[in-house]
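A, B, ... follow the sequence lines: proteins, then strands. Residue 1 opens every chain. Any value given below was found using the heavy atoms of this structure, including those in side chains, with hydrogens, waters and symmetry copies removed.
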There are 2 protein chains.
Amino acid sequence: MTEGLTINEAAETTGWSPRMLRYLETVGLIEPARTGSGYRVFGPEHLQRLRTLRELLESFDCGLSDVAFAKRLRADEQLRAALDGWFEARVEQPQGMSSADWLTWEQEKHQRLLALVDAA
Amino acid sequence: MTEGLTINEAAETTGWSPRMLRYLETVGLIEPARTGSGYRVFGPEHLQRLRTLRELLESFDCGLSDVAFAKRLRADEQLRAALDGWFEARVEQPQGMSSADWLTWEQEKHQRLLALVDAA
DNA sequence: CCAACCTTACCAAGAGTTTGTCAAGGTTTG
DNA sequence: CAAACCTTGACAAACTCTTGGTAAGGTTGG
């Protein structure tokens with residue numbers, strides 16, 4: 001107990017409600033330690049993280065699901081690759097390509113992306 | 001008109017509804033060209049992109065807002081840096097640091113992150 | 001000029017997210 | 001041991017996202 005705060009204490013100092021602290025855990029954004037009997041224990045790192053998260057959400061006007069997705073993006077390399085590929089699809093034609101070549105090239109690129117997607 | 005499909009034709013060949021094609025544009029995921037009078041024109045690249053997007057959403061079980069956020073993440077370097085910093089917050093102490101040093105170091109890291117966030 | 005398109009702007013149903021509250025029960029501590 | 005915590009689970013209000021529809025009006029092509 002000397003090594004951290006309980007959920008209500010953590011709520012007090014971070015501005016999150018106890019309910020939200022539990023919710024943040026279920027969506028995978030924090031992982032407080034537990035005592036032998038199952039009580040959550042919030043250490044200084046957690047408290048800082050929680051305060052920073054508030055700032056971050058407000059400053060950039062985004063939601064928890066956005067941060068959760070960003071986390072998923074870091075963990076799932078295939079997802080990242082698939083999205084990168086999709087975004088990179090460009091609008092201009094590469095130099096020296098005919099319209100027909102371009103279309104073929106573009107379709108093949110998407111074929112490759114689809115193959116990647118199917119593997120997921 | 002010979003250079004692309006109208007919205008209903010594009011809907012037909014991509015599986016998206018015309019309504020959704022307009023919605024995808026409002027959330028920034030596609031940018032069809034326009035005729036002089038304002039009609040949307042979907043070229044082959046758009047059609048491929050739209051088909052790939054369907055596959056991508058289904059394969060990875062994610063939503064449009066997720067893809068939109070991923071796009072924002074690519075465009076907004078500060079947002080990316082802030083999230084990277086937040087995720088990198090580690091749980092173990094660096095070697096050779098006392099508990100007190102670690103806490104100070106950790107707090108300072110978050111101070112730096114907060115400064116970044118404030119600048120946004 | 002008329003039918004069949006297209007545009008934007010709304011209203012609304014359904015689903016998912018966020019948040020609170022309450023209930024039933026275990027833990028800690030004075 | 002009793003008060004004051006904590007746990008999980010469920011129900012629900014408020015909100016946003018997704019999607020469809022419809023209305024009022026401009027464009028196109030036979």
Side-chain angles (χ1 to χ4, degrees), chain A residues 1-43 46-47 49-51 53-73 83, chain B residues 1-43 46-47 49-51 53-73 83:
Chain A
M1 274 305 152
T2 85
E3 274 305 317
L5 304 190
T6 67
I7 194 171
N8 274 306
E9 294 165 339
E12 189 70 30
T13 75
T14 62
W16 293 98
S17 67
R19 177 66 171 85
M20 283 309 292
L21 293 182
R22 297 193 181 98
Y23 182 66
L24 290 174
E25 189 178 4
T26 70
V27 298
L29 294 185
I30 52 171
E31 265 188 88
R34 298 290 187 128
T35 69
S37 58
Y39 284 22
R40 290 175 182 82
V41 178
F42 295 82
H46 299 114
L47 303 179
R49 241 172 113 79
L50 287 167
R51 294 194 195 99
L53 180 58
R54 287 192 132 281
E55 288 278 342
L56 203 150
L57 292 179
E58 184 166 358
S59 302
F60 292 97
D61 189 34
C62 55
L64 293 176
S65 46
D66 293 328
V67 180
F69 186 72
K71 180 177 181 182
R72 191 179 161 195
L73 217 44
L83 281 170
Chain B
M1 276 303 151
T2 87
E3 273 306 318
L5 303 189
T6 67
I7 195 170
N8 274 305
E9 294 165 338
E12 189 70 30
T13 75
T14 63
W16 293 99
S17 67
R19 177 68 172 83
M20 283 308 292
L21 293 182
R22 297 193 180 99
Y23 182 65
L24 290 174
E25 188 178 3
T26 70
V27 297
L29 294 184
I30 53 170
E31 266 188 87
R34 299 288 186 128
T35 69
S37 57
Y39 284 22
R40 289 175 183 81
V41 178
F42 295 82
H46 299 113
L47 303 179
R49 243 172 112 79
L50 287 167
R51 295 193 194 99
L53 181 57
R54 288 191 133 282
E55 288 278 342
L56 203 149
L57 293 179
E58 184 165 359
S59 303
F60 291 97
D61 189 34
C62 55
L64 294 176
S65 45
D66 293 328
V67 181
F69 187 73
K71 179 177 180 182
R72 193 179 159 195
L73 218 43
L83 282 170

Counting just side-chain N and O atoms, does S37(A) come under 4.0 Å of either OP1 or OP2 of dT7(D)?
no

Results of side chain to side chain contact (heavy atoms under 4.5 Å, CB included) for A70(B) - residues two or more places apart only
F69(A), L73(A), L83(A), F87(A)

Could you check if a side-chain atom of I30(B) sits within less than 4.5 angstrom of a side-chain atom of L53(B), using non-hydrogen atoms only?
no

Any salt bridge (Lys or Arg N to Asp or Glu O under 4.0 Å) involving residues 17-31 of chain B? Give me the pairs, sequence neighbours left out, ordered by first then second residue.
E25(B)-R34(B), E25(B)-R40(B)

Donor-acceptor pairs are to be reported for all side-chain atoms of residues 61-68 of chain B against protein atoms at under 3.5 Å, with residues two or more places apart or in another chain.
{"from": "D66(B)", "atom 1": "OD2", "to": "G63(B)", "atom 2": "N", "distance (Å)": "3.0"}

Counting primed atoms, P, OP1 and OP2 as sugar-phosphate and everything else as base, the B/S/- map of nucleotides 8-21 of chain C against protein heavy atoms under 4.0 Å is B--------SSBBB

Residue whose closest nucleotide on DNA chain C lies nearer the 5' end, I7(B) versus G36(A):
I7(B)

Taken in chain and number order and not counting sequence neighbours, the residues that satisfy side chain to side chain contact (heavy atoms under 4.5 Å, CB included) with T26(B) are Y23(B)

